[in-house]
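Quick note on labels: first sequence line is chain A, next is B, and so on, each numbered from 1.
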Amino acid sequence: MIRIDSLTKIYDTGSIQVEALKKINLEIGKGEFVAIMGPSGSGKSTLMNVLGCLDRPSGGLYRLDGEKIEELNDVQLAAIRNKKIGFVFQSFNLLPRMSALKNVELPMMYAGISPKIRTERAEAALERVGLGDRMHHRSNELSGGQRQRVAIARSLVNDPAIILADEPTGNLDTKSGNEIMGIFQQLNEEGSTVILVTHEAEIAAYAKRIVAFRDGEIVEDRLVEERIVIVSES
Amino acid sequence: MNFIESVKVAINAIWVNKMRSLLTMLGIIIGISSVIAVVAIGQGSQSAIGKEFEQFGVNRAFMSTNWQETPTDRDYFTHGDVDAIKEAFSDRLAAISPSLQDSGKIVSKKELQNISLNGVNEIYNKIETIEMMDGRFLMEGDMKAKREVVVIDEKTALEVFGRTNVLGERILVQMRYRNLSLVIVGLYKTPKVPFSNVANFEQPSNIYIPLTTMEKILGIGDRVYGIELNLEKDTNVQDTLKEIVKLVERRHGNVGKNKYRTYTAEGELEMVNKITGIMTGVIGAIAAISLFVGGIGVMNIMLVSVTERTREIGIRKAIGARHKDILMQFLVEAVIISVIGGIIGTVLGIGFSLLISMFIKIPPGVSISTIMIAWLFSAGVGIFFGIYPANKAAKLDPIEALRYE
Ligand SMILES: Nc1ncnc2c1ncn2[C@@H]1O[C@H](COP(=O)(O)OP(=O)(O)OP(=O)(O)O)[C@@H](O)[C@H]1O
Ligand SMILES: [Mg+2]
């Protein structure tokens, strides 16, 4: 599903060059559930941005679902972001004055899907994250946990190859955070590939595999032994 | 994202920021409404003046001596000239009349009324359109007998008598050297003169008396001050006048001395059109500048809007919006704001021109083409001034846009 070879990312701020990723090699298969951990500034977000095609690597290779990402132009990258990647952010990043439903429809709008099908699929996605009764609320009328559910619904609505989540529970209390992790776990059970960044070991314990970073390098890559498993409600 | 989708998104964004959108439109509204009003009034006056000249008679002309060339006794027109012209150009002349004008005051109940006293012959009503309401115009008999009769207009009748059934009544006219008592034999409809209310000049009414009577009163011999002409339809007015002048010059032995001047309705109309055209152009240019300023306002607000919505742009890009989707979104927004501004401006502009026309008594000339041009123009302003902010939005880097607070 994902393969990166000696991937580097250098931020050139003029006076100093920050090597945020140092020749990373990583392979993530279909249906995996990976937690990326590491101290602040270790390059986790940088990796997520590159994986999510929001940013271009400075060097190395990146294969996503068979595509040679480093060779694509901006328009093609936009299409990849739209169809193959579902991004979930720490700060939710919903459009505030739009309803939850409209927010979830947005990626399908850019995919050119007809309004009718869009609404149907957005409704289904919101049902999946347990927000069937909040569809027409504006996103700024929702709680943090609810907003993150909308964001998850939005990320999965175009049926992406991977779901990337950069500290999705970072702005949430423990309870909402656990609920959100339950949703990721459920999506993973249903076949989605999920990669998430977290500081917290308890959150990482929901995943199946942990990749640890330090100073732009992978220092550990192991399976989760004592996994928290939430019994899916559906 | 297709075009209709972009329009929906744009309308939504405009609606969400109602107040700001309205303020942005203001520049366009003012620009377009002033353009529309100016053009409407300009075209309205042109067609009003055109109509007036038509009423005046398109094939009408007037000849006089050229005072700049200090004419002497031997240069003045005579009745012989008039007869000669009549004979030589009988095929092209509809009517010809010597004319003699003087100003006077009619003694009325309240005050003295300024009038213009016109000595003309009995066919003068074939030269100028004189719409009789009562009685008759001057007749051959009036000329021959030098009767002291007069044809007055409705307005004068109302001012002097307060009524219009005035046939047979006498009016007293004060002139420089003597007073006249004239019997009213005819009443004609006062022609409408546009601008008369604005310019604040009350044009004195024309009243008509037999030329012979006038000559007797003023003690004029065989001298004609001016010649009024009406040419047959489809004659070349300018060429014919040149020929007539040549004939008169030959009779007076002053060929090529430029002793005579001719005035044609056609020529005057051209000049008036030129003047109103220039005025419309100048005011229109000022209006266009205000439209340009309005366009800059649109650009300004769009730039603010782009900055303010940086994060939104980042989000949209992160979930798959392409460069052209963002470009489209902001461009369409700018165009819609401009076009809505254009539509409101058009309505207001028509309103203004109607308001102005109430004062100057000229129906505004608003044509569909003016409106279409105004709308296309405002759309153009939207595109022109929207493209830069839209492009700025579309070029934003998604990560930086997402990080923007
Ligand atoms: N746009 C940028 N310009 C310059 N340097 C950057 C930029 N973004 C990140 N960096 C640097 O790259 C390194 C890795 O940053 P990154 O955001 O990936 O860390 P992180 O692991 O996500 O940290 P955190 O846990 O605090 O989110 C840091 O040293 C950071 O200062
Ligand atoms: Mg980070």
Side-chain angles (χ1 to χ4, degrees), chain A residues 9 11 20 45-46 48-50 52-56 72-99 102-115 118 138-140 150-151 153-158 160 164 166, chain B residues 1-22 304-333 336-337 390-405:
Chain A
K9 177 73 195 180
Y11 289 111
S45 294
T46 306
M48 290 300 263
N49 290 339
V50 171
C53 301
L54 285 168
D55 211 351
R56 288 173 181 279
L72 302 182
N73 62 25
D74 283 349
V75 175
Q76 291 166 320
L77 282 184
I80 296 281
R81 284 200 294 270
N82 185 232
K83 301 207 175 69
K84 302 220 170 190
I85 291 159
F87 224 113
V88 178
F89 303 89
Q90 178 175 355
S91 51
F92 322 128
N93 279 340
L94 300 175
L95 297 187
R97 293 195 194 87
M98 271 191 198
S99 69
K102 287 284 172 216
N103 263 291
V104 177
E105 282 187 29
L106 219 49
M108 292 186 281
M109 193 168 90
Y110 290 116
I113 293 166
S114 78
R118 243 156 47 189
R138 286 208 207 162
S139 61
N140 51 355
V150 176
R154 181 180 68 186
S155 75
L156 58 87
V157 81
N158 268 349
L164 299 172
D166 194 349
Chain B
M1 193 160 67
N2 64 28
F3 182 70
I4 296 165
E5 218 92 65
S6 305
V7 171
K8 276 190 200 161
V9 171
I11 286 174
N12 190 50
I14 291 167
W15 187 244
V16 164
N17 285 305
K18 285 185 256 328
M19 194 61 200
R20 191 173 73 190
S21 308
L22 196 71
V304 171
S305 176
V306 168
T307 311
E308 217 177 68
R309 282 148 72 186
T310 299
R311 209 180 164 87
E312 172 190 330
I313 295 161
I315 295 170
R316 287 180 185 273
K317 283 200 149 186
I319 59 172
R322 288 158 298 179
H323 181 277
K324 75 167 197 203
D325 293 321
I326 303 292
L327 187 82
M328 219 26 181
Q329 182 187 334
F330 281 87
L331 199 54
V332 167
E333 197 175 317
I336 288 178
I337 284 181
N391 197 45
K392 201 177 161 196
K395 275 199 325 220
L396 283 177
D397 177 68
I399 294 186
E400 274 169 32
L402 279 172
R403 206 178 281 147
Y404 186 85
E405 290 301 327

By side chain to side chain contact (heavy atoms under 4.5 Å, CB included) - contacts of A/Ala153 (at least two apart):
A/Val104, A/Ala125, A/Leu126, A/Val129
Measure A/Leu94 against the heavy atoms of chain B and call it side chain, backbone, both or neither at under 4.5 Å.
backbone
Using side chain to side chain contact (heavy atoms under 4.5 Å, CB included) as the criterion, list what pairs up with B/Ala321, not counting sequence neighbours.
A/Tyr110, B/Arg316, B/Asp325, B/Ile326
Contacting moiety of A/Met108, where chain B heavy atoms sit under 4.5 Å:
neither
With chain B, which of A/Asn158, A/Asn49, A/Leu77 has the greatest number of heavy-atom pairs at distances under 4.5 Å?
A/Asn49
Electrostatic pair B/Asp397:A/Arg56 at N-O distance under 4.0 angstrom:
no
A/Lys102 atom NZ: more than 12 heavy-atom contacts under 6.0 Å
no
Tell me, side chain or backbone of A/Asp74 under 4.5 Å from chain B's heavy atoms, or both, or neither?
neither
